[in-house]
Every structure is written in C-alpha cells, then in structure tokens.
There are 2 protein chains.
Amino acid sequence: MRQDNRLPRVLHALLHLSDMKDPATSEQLAGMLNTNAAVVRRTMAGLREQGILTSIKGHGGGWQLAKTLDQITLAEIYEALGAPTLFALGYSNESSPCLMEKAANAATARALQKASETFIGILSSVTMADLADDFEKRLAELGLTQDDLHHTGPQDS
Amino acid sequence: MRQDNRLPRVLHALLHLSDMKDPATSEQLAGMLNTNAAVVRRTMAGLREQGILTSIKGHGGGWQLAKTLDQITLAEIYEALGAPTLFALGYSNESSPCLMEKAANAATARALQKASETFIGILSSVTMADLADDFEKRLAELGLTQDDLHHTGPQDS
DNA sequence: AATCATGTAACTTTTAATGTTACGTGATTC
DNA sequence: GAATCACGTAACATTAAAAGTTACATGATT
C-alpha cells in the first residue's frame with residue numbers, strides 16, 4: 001500500500017485548530033495540510049465520531065476541537081482513525097499446515113506485537129498539549145512568540 | 001504499498017534448508033513458500049551477499065545454509081533483506097516551514113523510532129535455532145518426531 | 001431562495017512488493 | 001563438447017490500500 005500519513009496529518013490539523021477562534025473549514029485545513037477538502041472530511045470523520053472534534057455545517061461552519069488539548073492523547077487519535085495497519089511488514093494469515101511456516105510466522109508476529117505495544121504505549125503517554133508545547137519551543141528557538149503568527153506588526157492597519 | 005512478507009518467508013525457507021542434506025533449488029523452495037522461483041532468487045540474494053546462504057549453480061545445485069542456525073539472528077536476516085521499511089505509517093519528509101507540522105512529525109517519528117528499536121531488539125535476541133526449537137515443540141504437540149517427516153514408515157521400500 | 005460547508009459515494013492515481021516471463025551465465029553430466 | 005540444470009538478473013504486469021479527485025446530496029445561515 002501507499003504510506004499512511006493520516007496520523008501526523010491529523011496531529012498537524014489539531015494544532016492549527018487549537019490556534020483558531022472560529023471553526024476551520026475543510027478547505028482551509030486542506031490548504032494547511034497540502035491536500036484536498038474531501039480527504040480532510042474523510043480523515044476527520046473518525047475523530048468526530050470519537051468526540052474529539054465537532055463539525056458544523058453551513059455559513060461559518062467547519063471543524064472545532066471538542067476537548068482541550070490536554071484531554072486528547074495521541075493514542076485516542078490513532079484509535080479514532082480506525083487504528084490503521086501500523087506495519088508494512090506482515091505475514092500470511094492463511095493457515096498453512098506447515099509447522100515451519102507457523103514457527104516463522106509466530107516469530108515475526110511476536111516481534112511485531114512487541115513493537116506495536118511500544119508504539120501504542122508511547123502514543124498513550126503523549127497528549128496534544130505536549131505537541132503544543134513542542135511547537136512553542138520551536139517558535140521560541142526562532143525568537144518568535146505566538147503573537148507573531150497572528151498579526152504582521154504594529155504598523156498593520 | 002503491498003504488505004512485505006519477505007522476512008517470514010525467508011525464516012520459513014531457512015528452516016526448510018536446515019532440514020535438508022542436499023541443496024534446495026529455487027524451484028523447490030518456491031513450492032514450499034507458494035511462490036515463484038524468481039521471487040526466491042531475488043529474495044535470497046541479500047542473504048547470499050551477507051554470507052548467510054550460499055548458492056550453487058548447475059546440476060545438483062541450489063541453496064544451502066552457510067552457517068549453523070544458532071549463528072543466525074533474525075536481525076541479521078532483516079538486515080540482509082535490506083532492512084525494508086517496517087511501517088505502513090509515516091510522515092512527509094519534505095521540509096515544511098510550518099512548525100506545527102514539524103511538531104506533529106516529530107511526535108510521530110519518536111513513537112515510530114521507539115517501536116523500531118523494540119522490533120530490532122527482539123530480532124537481535126532471537127536466532128534461527130530458537131525457531132527450530134519452536135518448530136520441534138509444535139511437532140511434539142502433534143505427537144510426531146522429526147523422523148516422521150522424512151519417511152513414510154518402516155514398510156516403505 | 002441563494003450560498004456555504006459538511007457527508008459521502010464512486011472513481012482514479014500512486015507506490016512498492018509480488019508475480020511472471022525471458023534470457024544470460026556457469027556447472028555438471030554423459 | 002553438447003545438452004541440461006540451476007542460479008542471476010532484467011523487464012514488465014499485477015496487486016492492494018492510501019490518497020487524490022469529482023460530484024452531488026443534505027443541512028445551516030443569511
């Protein structure tokens with residue numbers, strides 16, 4: 001399959017959403033994520049069902065966070081995306097009578113299982129607020145503040 | 001991309017190889033792995049370069065183990081396959097100026113990195129001899145012995 | 001009533017492993 | 001030394017699932 005970029009994309013989108021007062025339309029988010037509005041709607045659908053986001057139709061509508069950042073773990077988000085296949089590496093699930101194949105598959109499965117547990121464990125320990133902190137750290141490293149992103153300066157009309 | 005089954009396949013093939021006196025042809029291995037001889041040659045090429053297998057051309061030729069099973073870790077094999085992409089999940093590598101995207105990518109990368117370390121760590125701790133042991137355990141559970149696989153019984157000519 | 005924005009279905013594109021075919025090269029056998 | 005066997009490798013087709021795209025229905029606002 002093609003590489004699955006939904007998780008980092010959604011994280012990116014949520015950071016932007018947390019930074020906006022008004023709802024963001026799928027079109028706006030698509031611009032930020034360099035993709036298409038339909039992809040945004042499709043990807044975010046799971047987060048809406050999970051209660052992480054709300055979507056509003058009509059004029060002034062769009063997407064909004066339904067929780068504060070510190071209430072959203074990355075694991076929740078991953079789950080809300082449908083817990084998509086983590087590995088490009090796999091093994092045949094068809095039950096073969098060959099015991100050597102079974103042993104080979106079992107060894108592969110054990111390693112993948114442990115790796116998956118590590119992955120989910122880390123996602124569970126990180127919240128969107130941690131990402132926002134990381135974002136602000138990066139801002140500060142450039143000598144900027146949050147404000148610098150929202151207006152062009154005092155000379156602005 | 002499609003799922004990558006090379007690792008479990010090679011493990012399976014090596015177990016069969018360890019069980020044979022004569023070299024196994026690509027054709028024979030392809031039969032065991034339910035695939036094609038060309039796929040076998042292509043997949044095994046890396047293991048030959050890595051010194052895990054030797055291949056012999058001509059009459060009576062084929063593939064043979066170049067080491068004993070306890071000298072082969074799964075990590076070596078994974079490396080010999082070219083350390084193929086482990087994850088179906090990824091993130092855009094294109095450097096975007098957006099610090100929110102950077103934060104999102106970094107968080108994803110950290111989780112993937114740790115998962116990868118877990119995976120490689122386990123592969124490093126397991127040898128093909130461990131797989132052979134597992135195979136024999138499975139055999140015993142069926143009330144069979146190694147011998148049962150190699151002849152049809154005492155009445156056999 | 002017009003417009004905006006989501007909801008969703010249907011289809012195309014993309015990408016890398018896998019499958020397939022073909023042919024070259026080296027080794028063995030007779 | 002010619003035929004055959006088996007690997008080595010290139011070139012192309014197939015496959016699968018995310019992503020991209022298009023289109024249209026539905027609901028909310030003005």
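Keep in mind that this is a model prediction, so the values were computed, not measured. Residue numbering restarts at 1 for every chain, and letters A, B, ... go by the order of the sequence lines.
- Between B:Asp22 atom CG and D:dA6 atom C1' the separation is 14 Å, expressed in whole Å.
- With A:Glu49 contributing its side chain and A:Gly46 its backbone, the two residues share no donor-acceptor pair below 3.5 Å.
- At whole-Å resolution of the value, CG in A:Asn36 and P in C:dT14 are 14 Å apart.
- Relative to the axis of its first five pairs, the axis of the last five pairs of the helix from C:dA1-D:dT30 to C:dC30-D:dG1 sits at 10°, rounded to 10 degrees.
- The nearest whole Å value for the distance from the CZ atom in B:Arg9 to the C1' atom in C:dA17 is 10 Å.
- Taking atom CZ on A:Phe87 and atom P on D:dA17, their separation rounds to 17 Å, with Å as the unit.
- Across C:dG7, C:dT21, C:dT14, the shortest atom-to-atom separation from the side chain of A:Arg41 is found for C:dG7.
- The separation between B:Leu86 atom CG and C:dA16 atom C1' is 15 Å, rounded to whole Å.
- Among the nucleotides D:dA18, C:dG7, C:dG19, the one closest to the side chain of A:Arg48 is C:dG7.
- Distance alone, capped at 3.5 Å, is enough to place a donor-acceptor pair between the A:Tyr78 side chain and the A:Pro84 backbone.
- Crowding of A:Lys114 atom NZ: a count of heavy atoms from other residues, nucleotides or ligands under 6.0 Å not exceeding 12.
- With respect to B:Lys67 and B:Glu76, a salt bridge is recorded, a charged nitrogen being found less than 4.0 Å from a carboxylate O.
- Contact check on A:Asp134 versus A:Arg138 returns a salt bridge, with a Lys/Arg side-chain nitrogen under 4.0 Å from an Asp/Glu carboxylate oxygen.
- For the pair B:Arg42 and B:Ala24, both in contact range of DNA chain D, the more 5′-proximal nearest nucleotide belongs to B:Ala24.
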What protein N or O atoms touch nucleotides 26-29 of chain C N or O atoms at under 3.5 angstrom, if any, and at what distances?
unit_1	atom_1	unit_2	atom_2	d
C:dG26	O4'	B:Lys57	NZ	3.4
C:dG26	N2	B:Gly58	N	3.2

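- Between the CG atom of B:Asn5 and the P atom of C:dA17 there is a distance of 12 Å, given to the nearest Å.
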**Request:** Just do the side chain to side chain donor-acceptor pair (under 3.5 Å) check on B:Trp63 and B:Ser26 with the steps written out, would you?
**Result:** CA-CA 7 Å; B:Trp63 298 87; B:Ser26 301; 2.9 Å; yes

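- Across all strands, A:Thr43 comes closer than 4.0 Å to no nucleic acid atom at all (heavy-atom distances).
- With B:Asn105 contributing its side chain and B:Lys102 its backbone, the two residues share no donor-acceptor pair below 3.5 Å.
- OP1 or OP2 of C:dG19 sits under 4.0 Å from a side-chain N or O of B:Thr35.
- Of the candidates C:dA5, C:dT18, C:dT14, the closest approach to any side-chain atom of A:Thr25 belongs to C:dA5.
- No more than 12 heavy-atom neighbours from other residues, nucleotides or ligands sit within 6.0 angstrom of CD on A:Glu27.
- In this structure, B:Arg2 places its CZ atom 12 Å from P of D:dT14, rounding to the nearest Å.
- A distance of 10.5 Å separates CG in A:Leu29 from CZ in A:Arg41, rounded to the nearest 0.5 Å.
- Distance, B:Gln64 CD to D:dC7 P: 11 Å, rounded to whole Å.
- Here the side chain of A:Val39 is nearest to one of D:dT21, C:dG19, D:dA18, namely D:dT21.
- When the side-chain nitrogen and oxygen atoms of A:Ser55 are compared with OP1 and OP2 of C:dA5, none of them lie within a distance under 4.0 Å.
- Nearest nucleotide to the A:Ala38 side chain, out of C:dT18, C:dT20, C:dT8: C:dT8.
- In this structure, of C:dT6, D:dG20, D:dA19, it is C:dT6 that holds the atom nearest to the side chain of A:Ser26.
- Remark: side-chain polar atoms of B:Ser116 are not paired, donor with acceptor, to backbone N or O of B:Leu112 under 3.5 angstrom.
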